[in-house]
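These numbers were taken from a predicted model, which means no experiment stands behind them. Letters go in sequence order (proteins before strands), and every chain restarts at 1.
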Amino acid sequence: MPSSSKSPRRKTRSKAQSPALTPSQKRRFQQRLLKWYGEHGRDLPWRKTSDPYHILVSEVMLQQTQVDRVIPKYHEFLDRYPSFEHLAEAPVADVKKTWYPLGYNIRPERLHSIACETVERYGGQLPNDAEELLSFKGIGRYTAGAIRSFAFNEDAPILDTNVIRVLHRVFIAEGDPKAQKAQLWELSEALIPRGKGYDFNQAIMDFGAMVCTARDPYCLLCPMKSICKTYPFDAASNRK
DNA sequence: TTCCGGTCAT
DNA sequence: ATGACCGGAA
């Protein structure tokens, strides 16, 4: 029966198999990332709270807006709407005015609708279940993972542009990163140290924003140097 | 002027 | 799979 034997669980059309994450690679990446984060992690306002509502507001703002622009609006928004109940009661037109000028103005509408639904159907408590979170308009896979890890301390994976870039460079280094999201989601999940989803996810995003940057990453001071499949990153070959 | 980005819709 | 959304940055 040799001809009928199947190679163990592999997608029929892709040839490259998952990037063989060895236990040693995994452990080193985790330890170095968390150590780096302890020394260099940013002190962001939404890391000082455990209120799921505050975390949600920050994550929706951060969906397409940079940290520096979000910070002042985060404070202003929460001053005006300190809870799901306050936000749910507010006219959506006011919420949109408060949102200005962050842009992508569907976001305040969706945030408002999430608040209404949370008050009406969940007694003002944001659910921690992935399926329920994903059922809200405005919460996609990234934000659901962010809420679960940052607001509920679950070991839930996240994958945004920072995480895609970091994981692809360190562990894959071939092909178009955006075309490999399925593998990268698996990596993001497999790498989380048990019980440390919050710190690990915050850490990998800081790392992507501060060291493993899109252009001109700081490879010389990078703690992943010795395990990174892309080191040393050649900026010239990456520019057009 | 072009590129980028989470989510949703096509 | 691809584009709309909207504004910032290269």
Let me see the working for A/F200 and A/Y37 under ring-ring contact (aromatic ring centres under 6.0 Å, His included), right down to the final yes or no. CA-CA 9 Å; A/F200 182 85; A/Y37 180 62; 9.9 Å; no
Contacts of A/Q125 that satisfy side chain to side chain donor-acceptor pair (under 3.5 Å) - sequence neighbours left out: none
Show, in sequence, the C-alpha distance, side-chain angles and deciding distance for A/Q202 and A/R47, and conclude whether the side chain to side chain donor-acceptor pair (under 3.5 Å) test is met. CA-CA 9 Å; A/Q202 296 283 10; A/R47 293 181 182 166; 2.8 Å; yes
Can the positive tip of A/R169 be found less than 6.0 Å from the middle of the six-membered ring of A/F233, inside 45° of the ring normal? yes
For A/Y218, does the OH atom have more than 12 heavy-atom neighbours from other residues, nucleotides or ligands under 6.0 Å away? no
Would you find more than 12 non-hydrogen atoms of other residues, nucleotides or ligands less than 6.0 Å from A/K225 atom NZ? yes
Any side-chain heavy atom of A/K73 sitting closer than 4.5 Å to one from A/P101? yes
Distances under 3.5 Å between protein N/O atoms and the N/O atoms of nucleotides 8-10 of chain C, please, pair by pair.
from: C/dG8; atom 1: OP1; to: A/R69; atom 2: NH1; distance (Å): 3.0

Take nucleotides 5-10 of chain B nucleotide by nucleotide from the 5' end and write B, S or -, depending on whether a protein heavy atom sits under 4.0 Å from the base, only from the sugar-phosphate, or from neither. BBSSS-
Does A/S149 reach the main-chain N or O of A/G145 with its side chain, forming a donor-acceptor pair under 3.5 Å? yes
Atom pair distance, as rounded to whole Å: NZ in A/K96 and P in C/dC5: 13 Å
